[in-house]
Amino acid sequence: MSFDYQSKLNAAQYEAVTTIAGPVLIIAGAGSGKTRVITHRMAYMLDSGIPQAQILALTFTNKAAREMSQRVKDLTGKKLQALTVSTFHSFGVKIIRENARLLSRRDNFSIYDEGDKAQLIKETAMEMGFNANTLDVYEISNLFSAIKTGMKEWQSSSDRYRTLFDEYQKGLQLYNAVDFDDLILFPIKLFRENPEVLERYRNRFRYVMVDEFQDTSMQQYEFMRFLAEKNICVVGDDDQSIYSWRGADFENIRKFERDFPDLKEIKLEQNYRSTGTILAAANGVISHNTNRKKKSLWSGNDSGKPVEIFMPEDEKKEAEFIAEMIQTIRIREKLNFSDFGVLIRTNNLNRAIEEAFLDSNIPYTMSGGTSFFQRKEIKDIISYLRVIANPDDDINLLRIINTPRRGLGRKTISEISAAADAQNCSIWTAINSINDRNGMLFQEKSGDNLSEFADFIRSRRSEMLSGKDLANKVRKMVEDIDYWSYLVQEYQKNEKAARYKFLNIENLIASISVWEKDPDNFDKSLYDYLNRITLMSRDSLEDEYSGKVNLMTIHAAKGLEFPVVFIAGAEDGIIPHARSIEEGEGNIEEERRLFYVAITRAQSKLFISSCMKRRKAGNEIECTPSPFLSEIPENLVEHHEPAPQLETSEAIDILAKMKARFGS
DNA sequence: GTGTTTACTTTTTTT
DNA sequence: AAGTAAACAC
């Protein structure tokens, strides 16, 4: 053994780390050293002589996967070439890639994100003669996911979309693409239909670990169940289950208990993260949930400072308060900007806060939200790369066929689509077969433009699919399509915007270059780059978290911790979110868990703010505090006086409201 | 085939 | 308030 595990871990942790054979269920309360246990457990396995290649650790976010392998690396000091630490989805990609033909795909398949998916649904629906005005693509997209993941069955109300669904599926196959749901479903299908393939993977991965087990969906459970024979270790906390809308089902914990009756259950109940006060506040809130596994999380830490509740007038005041507090506390406590976490329920709450940060020169990162890869200019360039990787990808081909303009307008495009439709082939194939016949169908100009476009894609294909220095090839491509002129043209009135967009492209190229130079990543093909970024799209691009305040959704904050945490927008309708309650009364428990997760991110100081008013879609609306606030035991709370100017009737109103609420 | 104006709605959370 | 999509005009 390279080091003394016993001295680094408490008794329960030590047991969890050293029990490597047989099924293990670890119930790990918030802040109980879960990541520590998982990483030490992997290190322990390696120390015990288990080959890296036999270990598979599945996580939910790329961030978690990255952090985990880094920590194992630090612990063991070994190079980890064969250890698999990956998200369910990336692991799915890998399996599909290795068995593409068995799943009627080719190995250069595209992965369709939400946007591509919506586009495909839309186009398919149009072709089938659905009415564009009554079509709710968002809703249909969700329906299709629910059907695919087995959360919903076809019903009379949804039946009219059944044929659309079939066509959608055919479209994916035709374009050699898969959607996010397929990344889990295809491997399951593969394993079910090809026992010999399953056997191969089972032989390879003898030790399987699943993190955030409470957030596994039925399919992910099935996926895991196929692979895991006996040495399976799952780690989770039912109180932190916050992804049920995505199919997560913490009943899986009970299912696991039934499926592996001889399992060893280990509870980690000592919280090392938070002060006694913060933990008591969290416990006070979560105890209102009825459907939960019994556990008693305790802290050996000091009680610390009270939870501070602030009721600013509006979101602007709230943001200023947060910014001011960060500045003050940072200096007083000698903290770094990165020691602060600002948590919000929905992405659109970021606006006021970002503005306040900019005003007071506070460096910050916002993870989630409109990601870098959603920006138009980035999507354009990525679409080029996608088409180069997989020309049959109609959705992306249509996106770029006339961007920048090359004289291929609506007419030409609809004709070429019709031709593709008639021959039941992709647009790319259609373009080429028409080119073979010298573009008879079109006016000479359009035909020329088409073949020029096809030649361009072909030449890039031969150039980019092999060899090195992707970053430079991308740069050259951007020059060749003259994207800069296009931007200037498009944003004539706003040269700054054009510049900014071009800068974004420069950043993209720089990030490709960084990725290429990373010695830890051994497969550097264009495919890998594309797969990686589609799965990462919501994940923050920058590796540089250091020295910046972390602004993020509560969902994105899962698994993280900060010395000082602000929960902003703690109003009724935001948390619990009105839409979520609308969907079902039962969702209140999940919203409460979400609030619980938010509270338990804090190590030593927690602020919660709830605005009196908030601007929403143009107009100002009155807000009431989240009902969860009153679930925090009153003795743990300190109310931050807003010191309102008492001239206005509004301010008096606000004070009355506060008193009614908190009696102070 | 392309550019401009007008109407319209508005995403909870993410791989 | 802002961004998109569709209608309209050139």
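Convention: sequence-line order gives letters A, B, ...; per-chain numbering from 1. Only a predicted model underlies this, so the values are computations on that prediction, with no experimental measurement involved.
Checking the phosphate oxygens (OP1, OP2) of B:dT14, a side-chain nitrogen or oxygen of A:T553 falls inside 4.0 Å. One finds a side-chain N or O of A:N402 lying less than 4.0 angstrom from the OP1 or OP2 phosphate oxygen of B:dT2. Taking only side-chain nitrogens and oxygens, A:N347 comes nearer than 4.0 Å to OP1 or OP2 of B:dT14.
With sequence neighbours left out, A:N348 forms a side chain to side chain contact (heavy atoms under 4.5 Å, CB included) with A:T346. A:W245 meets the ring pair (Phe, Tyr, Trp, His ring centres under 6.0 Å) test with A:Y243, A:H555; sequence neighbours excluded. The side chain to side chain contact (heavy atoms under 4.5 Å, CB included) search around A:L398 returns A:E123, A:I413, A:I427, not counting sequence neighbours. Judged as a side chain to side chain donor-acceptor pair (under 3.5 Å), and not counting sequence neighbours, A:S610 has no contacts. Contacts of A:K255 classified as side chain to side chain contact (heavy atoms under 4.5 Å, CB included), with partners at least two apart in sequence or in another chain: A:M218, A:Y221, A:N252, A:R258, A:D259. In terms of the ring pair (Phe, Tyr, Trp, His ring centres under 6.0 Å) criterion, A:Y527 has no residue partners (sequence neighbours excluded). A search for salt bridge (Lys or Arg N to Asp or Glu O under 4.0 Å) contacts involving A:D394 returns nothing, not counting sequence neighbours. Residues passing the side chain to side chain contact (heavy atoms under 4.5 Å, CB included) test with A:S145, sequence neighbours excluded: A:K117, A:D181.
Here A:D238 does not pair with A:R593 in a salt bridge; the nearest charged N to carboxylate O distance is not below 4.0 Å.
Atom-to-atom, CZ of A:R615 to C1' of B:dT10 comes out at 15 Å; the value is rounded to the nearest Å. Counting to the nearest Å, the P atom of B:dT13 and the CZ atom of A:F595 are 18 Å from each other. Computed from coordinates, the A:Y138 OH to B:dT14 P distance equals 11 Å when rounded to whole Å. Going from atom CD1 of A:I401 over to atom P of B:dG1 covers 12 Å, rounded to whole Å. Between A:E590 atom CD and B:dT14 atom P there is a gap of 13 Å when expressed in whole angstrom units. When rounded to the nearest whole Å, the span between CG of A:L594 and P of B:dT14 equals 10 Å. To the nearest angstrom, P of B:dT13 lies 19 Å from CZ of A:R601. Distance, A:M151 CE to B:dT15 P: 17 Å, rounded to whole Å.
A donor-acceptor contact under 3.5 Å is not formed by the side chain of A:H577 with the base of B:dT12.
Here A:F213 contributes atom CZ and A:D211 contributes atom CG; the two are 11.5 Å apart, rounded to the nearest 0.5 Å. Between the CD atom of A:E631 and the OG atom of A:S626 there is a distance of 7.5 Å, given to the nearest 0.5 Å.
Residue pairs satisfying the salt bridge (charged side-chain N to carboxylate O under 4.0 Å, His left out) criterion with at least one member in residues 549-562 of chain A, sequence neighbours excluded, are listed as follows: A:E212-A:K558, A:D215-A:K558, A:R273-A:E561.
Backbone-only engagement by A:F60 is indicated by non-hydrogen atom pairs under 4.0 Å involving sugar-phosphate atoms exclusively. If you check every strand for non-hydrogen atoms under 4.0 Å, A:K376 touches sugar and phosphate atoms only. Looking at heavy-atom distances under 4.0 Å, A:E212 makes no contact with the nucleic acid at all.
Shown for residues 239-248 of chain A: residues whose heavy atoms fall under 4.0 angstrom of DNA chain B, namely A:Y243, A:W245, A:R246. Against DNA chain B, the stretch residues 213-223 of chain A makes no heavy-atom approach under 4.0 Å.
The nearest heavy atom of DNA chain B to A:H89 and to A:S580 marks one nucleotide each, and the one closer to the 5' end goes with A:S580.
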N/O to N/O distances under 3.5 Å, protein versus nucleotides 5-7 of chain B:
none

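As rounded to the nearest Å, B:dT13 and C:dA2 have C1' atoms that lie 22 Å from one another.
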